[in-house]
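A short write-up of the structure that comes next.
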Amino acid sequence: MKDTVAQLLEAALASLADEGVLPKDQTFSPKVDNTKDKTHGDFATNVALAAAKAAGKPPRELAQLLVSRLPANTAVSKVEIAGPGFINFFMSDASSFAVVNTILAAGAAYGRNTSGQNESVQVEFVSANPTGPLHVGHGRGAAIGDCLCRLLEANGYRVTREFYYNDAGAQINNLGLSVQARAKGLTPEHESWPADGYRGDYITDVANSYMARETVTADDREVTGAGDADNLEAIQDFAVAYLRREQDLDLKAFGVEFDVYFLESSLYADGKVEATVNTLTENGYTYEQDGALWLRTIEFGDDKDRVMRKKEGGYTYFVPDVAYHLNKWQRGFTTVINEQGADHHSTVTRVRAGLQALKAGIPEGWPDYVLHQMVMVTRSGQEVKISKRAGSYVTLRDLIDEVGRDATRFFLAARRVDSQLTFDIDLARSQTNENPVYYIQYAHARICSVIRKLNELGIDKSAEAFAEHLDALGLDEERDIANKLAQYPELISNAAVLREPHHLTHYLRELAGQFHTYYNAHKVLVDDEQVRDGRVALYLAVRQVLVNGLELLGVSAPEEM
RNA sequence: GUCCCCGUAGCUCAGUAGGAUAGAGCGAGCGCCUCCUAAGCGCUAGGUCACAGGUUCGAUUCCUGUCGGGGACACCA
C-alpha cells in the first residue's frame, strides 16, 4: 500500500516536472511514512516540504499542486494537506483489509522476501572460549546472533552460523592447570593452587570425569579421560572437549545451533597463520623492533602499531584472527557479521587493518560488527553476580533453568544492542501482563481458544472462506490491527538491514496489545455470520503474524496457557 | 589521559536514517468477569528528550563542547 502511494506521488511529481513547476534536472523521491497519529491518515509524505525550495513555492502551495496532479486510485479514500505542508493519505477500508487475504494466502511466508537473493552470509557469534559454562553475556550474543540469522534468512539470505573458539594458548593452559589441581585434590585455598586458576565448581566436575576415564563427544571429536593427573596435555584436551560439550548443551537448551565450529588451532595446523604473517611482511606492513614483529596498523586508522610476534616468540591473538577472517573471505562470504560483546571493541580496528594490509581485495570496513553492551541480572531489585557452578558469574543455564527458554531469549533480544541490558529475573518469571513474553503468547493462545470454540460450534471453514466477509470489518480497532499487520514485512526488512533484532520484540508487543484491546471490546463469535467470519479472518491473520514473528525470535507460540 | 556506547515519565524502554501535539509497558489512582481464557481490558495522572552552543523552513534524531553512567585502551585472549 505504501508502494501504491509512492507511485501516485511519483506520477504527480513527474507531471509537475513536465509542466516546469519543478526543475527537470532534479529528481525528488517521495518518502512515504507511516503516520504516528491516526488523524494524519494512514500514510504521510514530506515531499512538498523537501521540494519547496526547488519549486520556488511555499510548501503548502506545492502540496496543493501535487494533490491536484495525483492520479485517481480506489485504494485512496481521502487526501489532505496539513501542518506546514504534509500530504496525508487515508486509505479505503477495502485496501486496508486486503492484507488479511495476503497473510492467509502466504501463511508462514508472510513477511519473508527474497531481497538477499541467496547471497551467502556468515554470522559468527557466541565464540566463547572453552574454559567454562556460558554466561549471560554469551546468552545475549546467542539471542541476538540467532535472531539476526533468522531475520537474514527471512530476507532471502543463506546463512552460515559459526562459532570460533580458542583451543590453545594461555587460557587453555590455565584451564588444564586448574583441572589438574582439582584432580590432585587441591582446592583454591591451597598454596599450590595455580595463580589465576579457574575456581568454579565445574572444574571439579571436569576433573572427576577425567579421572573416571569418561568419554565426551563435542564438535565431532571424541575424547576419553586418561585418568592420569600428571598428564597435563591429556587433561587439557579432555577439559576442552568436556566444556565444549557443556556449552553445546547450554546452546541446545537455548535453541541455538551452529553450522560450523572453527578451531583457532586449525589455523596454526594448516599453516594459515604463518602464511598470513608472510603476506603482511611481503606487503611491507611489518617491521622488527625491540625483538618483536610489529604491524603498521596506524596506516589503517589505529592509535598505535601492534605487536604480531612477541619477543619470546608466539603470535598475539589478533594474528590468527586476521588469518581466520581471510579464510572467511576466501570461503566466499562477501557479507560477514561478527556478533560480540562490546569489550571486544578494540579488535575491530586491528582485524580490519590486518585484512587491508593483506591486499586481498577485501573492501574497507569489512567485516560488519554487531557489538552488544553488558548485561546485568537483578533479582528483588538486587544485582545477582554469582552462580554456584561458575563461581564468578551468572550462567546462561541458570537463567534458562529459572525463567525458561522463551523468556530468556525474548528478554535478551529485546533491547538495542548498544545499550546496557538489565535482566530482571522477577519480571521474566512473572505470569502477568507486565511480562511481554506471556502477554504475546497469551494473545496467540486466546486466538487458538476462539478457533477451538468455533469448531465446537460445528463451524469448520477454511481461512479463505472466512475471509470472504472482510467487507464486514470497519471498526477502528480492526483498521488499526490491519494497518499493523501490513507493516510487518517492512519491519522484517528493516530489522535485518539495520541489524536491529529488538524491533521485532517491540512490534509483537504492540500487535498483541492491539489484539487484546480488540478482543475485550468486541466479541468475535457473534450471531451475524458475516461479521463473525470477517473477524475470524482477522484473528487468523493476527495469529499467523504472531507465529511468524515469534518463530524469528526462537520463542514458542503455545496454543493453550 | 585517549577512544567507543549510553543519558527520553517514579521504573524498564521504544522512537522505523531530520518532521506535525515526544510514545508504550510497569508502578500510582479509579473502574471492568451471569460475556469466546481477568496470564486480559478501559480511564486518569506523570516530560526543560542530561546541559550549552551550532547546522536549517524544522533537531529527541546530525555536528561540537560540558556533565553523569558503562566499557575498551598489553609483547593477555
Side-chain angles (χ1 to χ4, degrees), chain A residues 31 33-37 39-40 44 46 49-50 52-53 58-59 82-86 88 129 131 166 168-172 174 196 264 289-294 303-304 306-318 320-321 341-349 371-374 376 381 414-422 424 427 430-439 441-443 445-454 456-457 487 490-491 493-495 497-498 500 502-503 505-507 509-510 512-513 515-521 523-526 532 539 560-561:
Chain A
K31 195 159 79 78
D33 293 316
N34 301 316
T35 54
K36 292 179 197 163
D37 186 337
T39 63
H40 297 149
N46 67 345
L49 289 151
K53 199 173 273 180
F86 292 101
N88 295 334
N129 284 337
T131 54
N166 172 332
Q171 292 192 48
I172 298 300
N174 189 13
D196 304 321
E264 184 185 20
Q289 186 181 307
D290 303 330
L293 183 67
W294 298 69
D303 298 336
K304 48 180 279 196
R306 304 291 169 175
V307 169
M308 295 171 62
R309 192 171 54 228
K310 294 174 266 185
K311 192 160 47 182
E312 59 270 23
Y315 294 109
T316 54
Y317 74 95
F318 87 94
D321 230 13
D343 53 343
H344 289 77
H345 184 265
S346 56
T347 71
V348 176
T349 311
L371 302 178
H372 64 259
Q373 296 288 325
M374 302 292 102
M376 180 176 77
R415 299 284 179 254
R416 287 175 47 193
V417 297
D418 45 15
S419 70
Q420 293 158 42
L421 185 153
T422 302
D424 182 339
L427 179 61
S430 81
Q431 305 202 350
T432 63
N433 62 353
E434 66 193 69
N435 183 341
V437 184
Y438 284 93
Y439 186 82
Q441 290 179 324
Y442 183 46
R446 259 186 162 170
I447 295 171
C448 291
S449 171
V450 166
I451 301 306
R452 279 195 299 275
K453 186 72 73 178
L454 206 56
E456 285 168 21
L457 295 171
Q487 289 166 16
E490 187 184 350
L491 170 93
S493 170
N494 282 340
V497 170
L498 299 171
E500 293 179 351
H502 72 281
H503 291 303
T505 62
H506 286 273
Y507 174 88
R509 178 66 177 73
E510 287 160 15
F515 171 75
H516 285 306
T517 297
Y518 177 49
Y519 177 93
N520 269 274
K523 283 194 70 163
V524 57
L525 301 179
V526 292
R532 181 199 67 195
Y539 269 42
E560 293 178 70
M561 301 187 71

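All values reported here derive from a predicted model rather than from experimental measurement. Letters A, B, ... are given to chains in the order of the sequence lines, protein chains preceding strands, and every chain is numbered from 1. FYI, side chains are in, hydrogens and waters are out, and symmetry mates aren't considered; it's all heavy atoms of this structure.
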Note: A/T131 and A/Q171 closest approach over all heavy atoms is CG2-O, 4.0 Å

Identify whether any heavy atom of A/D321 sits under 4.0 Å from a base atom; if not, whether one sits that close to sugar-phosphate; answer base, sugar-phosphate or nothing. nothing

A/V307 has its side chain closest, among B/rC6, B/rC75, B/rC36, to B/rC75

As its Watson-Crick or G-U partner within any shown strand, both distances under 3.5 Å, B/rG23 has B/rC13

Gap between atoms CD and P, on A/Q431 and B/rA38 respectively (whole Å): 16 Å

Among B/rU12, B/rU16, B/rG19, which nucleotide has an atom closest to any side-chain atom of A/N494? B/rU16

Would you mind classifying the nucleic acid contact of A/N46 as base, sugar-phosphate or nothing, using non-hydrogen atoms under 4.0 angstrom? base

Proximity to the side chain of A/Y519 - top-ranked nucleotide from B/rA39, B/rC36, B/rA72: B/rC36

A/F86 over B/rG19, stacked by centroid distance under 5.5 Å, angle under 30°: no

P atoms of B/rU61 and B/rC6, separation to the nearest Å: 13 Å

Nearest to the side chain of A/Y439, which nucleotide is it out of B/rC75, B/rA14, B/rC41? B/rC41

Atom-to-atom span, CE of A/M376 to C1' of B/rG69 - whole angstrom: 11 Å

Applying the 3.5 Å cut-off to both distances, the Watson-Crick or G-U partner of B/rU2 turns out to be B/rA72

Between B/rA20 and A/H40, is there a base-stacking contact, meaning the centre of the base's six-membered ring lies under 5.5 Å from the residue's ring centre while the planes stay under 30° apart? yes

N/O (side chain, A/T517) to phosphate O (OP1/OP2, B/rG42) under 4.0 Å: yes

All heavy atoms of A/P84 vs all of A/P59, minimum pair found to be O-CB, 3.3 Å

Could you please name the partner base of B/rC67, counting Watson-Crick and G-U wobble pairs only when both distances are under 3.5 Å? B/rG7

Between B/rG19, B/rC75, B/rC5, which nucleotide gets closest to the side-chain atoms of A/L49? B/rG19

Nearest-angstrom distance, P atom, B/rG19 to B/rG58: 15 Å

Write down the distance separating the P atoms in B/rU21 and B/rU60, rounded off to the nearest Å. 11 Å

Provide, to the nearest angstrom, the distance between the NZ atom belonging to A/K31 and the P atom belonging to B/rG19. 6 Å

Taking a pair as Watson-Crick or G-U wobble with both distances under 3.5 Å, which nucleotide is matched to B/rC30? B/rG42

Does B/rC57 have OP1 or OP2 under 4.0 Å away from a side-chain N or O of A/K53? yes

Tell me the interatomic distance from A/N34, atom CG, to B/rA20, atom C1', rounded to whole angstroms. 15 Å

With syn defined as a glycosidic angle within 90 degrees of 0 and anti as anything else, the base of B/rA22 is anti

Nearest nucleotide by nearest heavy atom, which residue falls closer to the 5' end of RNA chain B, A/V497 or A/V526? A/V497

Using a 4.0 Å heavy-atom cut-off across all strands, classify A/E500 as base, sugar-phosphate, or nothing. nothing

Identity of whatever pairs with B/rG58 - Watson-Crick or G-U, under 3.5 angstrom: none

Round to the nearest Å and state the distance from A/K36 atom NZ to B/rU61 atom P. 13 Å

Side-chain contact check for A/H503: nearest option of B/rG19, B/rA14, B/rC36 is B/rA14

Any strand is fair game: report the nucleotide pairing with B/rG18 by Watson-Crick or G-U wobble, both distances under 3.5 Å, or none. none

Interatomic distance where CD belongs to A/E434 and C1' belongs to B/rA39 [whole Å]: 11 Å

C1' gap between B/rA14 and B/rC49, integer Å: 13 Å

Distance in angstrom units between A/Q487 CD and B/rG15 P, rounded: 14 Å

Whole angstroms only, please: what is the CG-C1' distance between A/N435 and B/rA24? 16 Å

Does the base of B/rA20 carry an N or O that pairs as donor and acceptor with the side chain of A/N88 under 3.5 Å? yes

First of A/V450 and A/D303 reached from the 5' end of RNA chain B, by closest nucleotide: A/D303

Look at A/Y518 and B/rG42 and indicate whether a side-chain polar atom (N or O) is within less than 4.0 Å of OP1 or OP2. no

So, for A/T35 and A/A44, which heavy atoms are closest and what is the spacing to 0.1 Å? CG2-CB, 3.7 Å

On the six-membered ring of A/F515, is A/R446 placed so that its NZ or CZ lies under 6.0 angstrom from the centre and within 45° of the ring axis? no

Could you check if a side-chain atom of A/S449 sits within less than 4.5 angstrom of a side-chain atom of A/K453, using non-hydrogen atoms only? no

Would you indicate which nucleotide in B/rA39, B/rC75, B/rA20 comes nearest to any side-chain atom of A/K311? B/rC75

Taking only the side-chain nitrogens and oxygens of A/H344, find out if one of them lies under 4.0 Å from OP1 or OP2 of B/rC5. no

Using a 4.0 Å heavy-atom cut-off, does A/T422 contact any base of the nucleic acid, only the sugar-phosphate backbone, or nothing at all? sugar-phosphate

Between B/rU44 and B/rA24 - P atom distance, rounded Å: 11 Å

pair_partner(B/rU48), Watson-Crick or wobble, both distances < 3.5 Å, evaluates to none

Which nucleotide in the list B/rC41, B/rC36, B/rG70 gets nearest to the side chain of A/Q420? B/rG70

B/rG25 OP1/OP2 closer than 4.0 Å to side-chain N/O of A/R509: no

With P as the reference atom in both, quote the distance from B/rU48 to B/rG54 in angstrom, rounded to an integer. 22 Å

Of the candidates B/rC5, B/rC75, B/rA14, the side chain of A/A292 sits closest to B/rC75

Mind checking if A/A445 touches a base, just sugar-phosphate, or nothing, with heavy atoms under 4.0 Å? base

For the side chain of A/D343 and the base of B/rG71, is some donor closer than 3.5 Å to an acceptor across the two? no

C1' atoms of B/rC57 and B/rG18, separation to the nearest Å: 12 Å

Residue A/M374, side-chain atoms from C-beta onward, closest of B/rG71, B/rC6, B/rA72: B/rG71

Would you classify A/A414 as touching base, sugar-phosphate or nothing, given that sugar-phosphate means primed atoms plus P, OP1 and OP2, and contacts are heavy atoms under 4.0 Å? nothing

For atom P, what is the distance between B/rG25 and B/rA45, given to the nearest Å? 14 Å

Within the structure shown, what part of the strands sits under 4.0 Å from A/R309 by heavy-atom distance: base, sugar-phosphate, or nothing? nothing

Would you indicate, yes or no, if B/rA39 has its OP1 or OP2 atom less than 4.0 angstrom from a side-chain nitrogen or oxygen of A/R446? no

